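Single-structure report; data block below.
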Amino acid sequence: MAKEGSGSGPAARRAPAGAAVLREDKTEAIRAAVFEELAAVGFARMSIEGIARRAGVGKTAVYRRWRSKLHLVLDVVSAVAAAGLPAPDTGSLRGDVRMLLEVAARALKHPMASQIIPDLLAEAARSPELAQALKTALHDSQQGVAAAVVARAVERGELPQDVDAHLALDLLTGPLYWRLLVVRDGLPKGYLDALSGSVVAALGAE
């Protein structure tokens with residue numbers, strides 16, 4: 001009988017000859033370094049060298065995983081989109097809207113997000129691939145959350161059947177994006193409560 005760890009049993013798995021074994025801890029270090037580098041220097045000035053230095057790996061470790069900085073950023077953005085945001089279910093439309101606004105405000109106020117998102121949106125004007133990835137991460141992934149919140153509100157009789165889930169997402173994210181990332185102003189006390197009421201009213205809550 002083969003001993004555990006001997007590698008001689010039928011369950012033993014070996015990488016093909018010449019294949020590089022990609023360590024997950026290095027992959028995660030590189031992904032984290034991408035966010036830090038984007039926040040520090042922006043996409044245009046970001047380099048594989050800088051990412052590797054920040055991650056504590058060699059350039060070859062990055063190139064084994066991604067062939068360019070664009071593909072690296074696309075992968076990181078797509079991973080964020082895949083993680084998603086669970087739709088709240090507080091039992092009321094106003095409660096759900098208030099919770100979503102709280103989570104969104106916290107994310108947009110994060111120092112990295114406040115630097116990275118505007119920079120990537122500007123770069124997306126020159127890169128269709130990046131534009132599509134950002135659309136998926138910043139819009140499509142959140143549209144499902146907004147649709148779920150709207151659907152529950154319709155089931156509870158809080159919203160009419162013909163309410164527009166796309167409008168709901170615009171109302172939920174637009175004011176916060178404008179205030180936190182464009183105007184770069186803070187949120188005064190009671191702002192999220194007032195905004196929640198405005199969103200609910202604009203959607204035609206009964």
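Only a predicted model underlies this, so the values are computations on that prediction, with no experimental measurement involved.
The two residues Leu70 and Ser127 come nearest to each other via the heavy atoms CD1-OG, 3.9 Å. Nearest heavy-atom pair across Ala87 and Val145 is CA-CG1, 3.9 Å. The two atoms that bring Ala55 and Ala29 nearest to each other are CB-O, 3.6 Å, heavy atoms only. Between Tyr177 and Pro118 the shortest heavy-atom distance is OH-CA, 4.3 Å. In terms of heavy-atom proximity, Ile116 sits nearest to Ala39 at CG1-N, 3.7 Å. Ala107 and Ala113 make their closest contact through O-CB, 3.2 Å (heavy atoms, listed as atom of the first residue, atom of the second, distance).
Atom-to-atom distance recorded for His110:NE2 and Gln115:CD is 11.5 Å, nearest 0.5 angstrom. Here the straight-line distance linking atom OG of Ser198 with atom CG of Leu171 works out to 9.5 Å at 0.5 Å rounding. Residue Leu176 holds its CG atom at 9.0 Å from CG of Leu181, rounded to the nearest 0.5 Å. Atom CZ in Arg65 sits 9.0 Å away from atom OG1 in Thr60 (nearest 0.5 Å). Expressed to the nearest 0.5 Å, how far CG of Leu74 lies from NE2 of His71 amounts to 6.5 Å. The distance from the CD1 atom of Ile117 to the CG atom of Leu38 is 11.0 Å, given to the nearest 0.5 Å.
For the pair Pro175/Tyr191, a side-chain contact is recorded, criterion being any heavy-atom separation below 4.5 Å from C-beta on. When side chains are defined from C-beta on, Trp178 does not count as touching Thr173, because their heavy atoms never get closer than 4.5 Å. Within the 4.5 Å cutoff, the side chain of Glu123 has heavy atoms near those of the Arg126 side chain. Here the side chains of Arg94 and Glu158 are not in contact, with every heavy-atom distance at 4.5 Å or above. Residues Ser47 and Lys59 fail the side-chain proximity criterion, which asks for heavy atoms closer than 4.5 Å.
For Lys69 (side chain) and Phe43 (main-chain N/O), a donor-acceptor pair under 3.5 Å exists by modelled atom type. In this structure, the side chain of Arg152 does not engage the main chain of Thr90 through any donor-acceptor pair within 3.5 Å. A donor-acceptor contact shorter than 3.5 Å is absent between the side chain of Asp119 and the backbone of Gly42. Here the side chain of Arg156 pairs no donor or acceptor atom with the backbone of Ala151 at under 3.5 angstrom.
Within 6.0 Å of CZ on Arg45 lie no more than 12 heavy atoms contributed by other residues, nucleotides or ligands. When the shell of 6.0 Å around NE2 of His166 is examined, it contains 12 or fewer heavy atoms from other residues, nucleotides or ligands.
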Pair Leu120-Val77, side chain to side chain contact (heavy atoms under 4.5 Å, CB included): steps then yes or no: CA-CA 10 Å; Leu120 287 182; Val77 168; 4.3 Å; yes
Pair Trp66-Ile30, side chain to side chain contact (heavy atoms under 4.5 Å, CB included): steps then yes or no: CA-CA 11 Å; Trp66 302 277; Ile30 294 169; 3.5 Å; yes
Audit row: Asp193, Arg98, side chain to side chain contact (heavy atoms under 4.5 Å, CB included) steps and yes/no: CA-CA 7 Å; Asp193 290 327; Arg98 180 62 176 76; 2.7 Å; yes
Test log, rule side chain to side chain contact (heavy atoms under 4.5 Å, CB included), inputs Glu37 and Val41: CA-CA 6 Å; Glu37 195 73 359; Val41 303; 4.0 Å; yes
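Taking 4.0 Å as the cut-off between side-chain N and carboxylate O, Arg106 and Glu102 count as a salt-bridged pair. Residues Glu28 and Arg31 are paired through a salt bridge, judged by an N-O separation under 4.0 Å between the basic side chain and the carboxylate.
A cation-pi geometry, defined here as NZ or CZ lying under 6.0 Å from the six-membered ring centre and within 45° of its normal, does not hold between Arg54 and Phe35.
The only option from Leu101, Leu108, Leu180 that meets the side chain to side chain contact (heavy atoms under 4.5 Å, CB included) definition with Leu187 turns out to be Leu180.
A continuous path of hydrophobic side-chain contacts links Leu167 to Val199 [ILVMFWY only; heavy atoms under 4.5 Å]. Criterion: ILVMFWY side-chain heavy atoms under 4.5 Å apart, direct or through other members. Under it, Leu169 and Leu192 are not part of a common hydrophobic cluster. In the hydrophobic clustering of this structure, Val163 groups with Val200; members are Ile, Leu, Val, Met, Phe, Trp, Tyr whose side-chain heavy atoms approach within less than 4.5 Å, directly or through other members.
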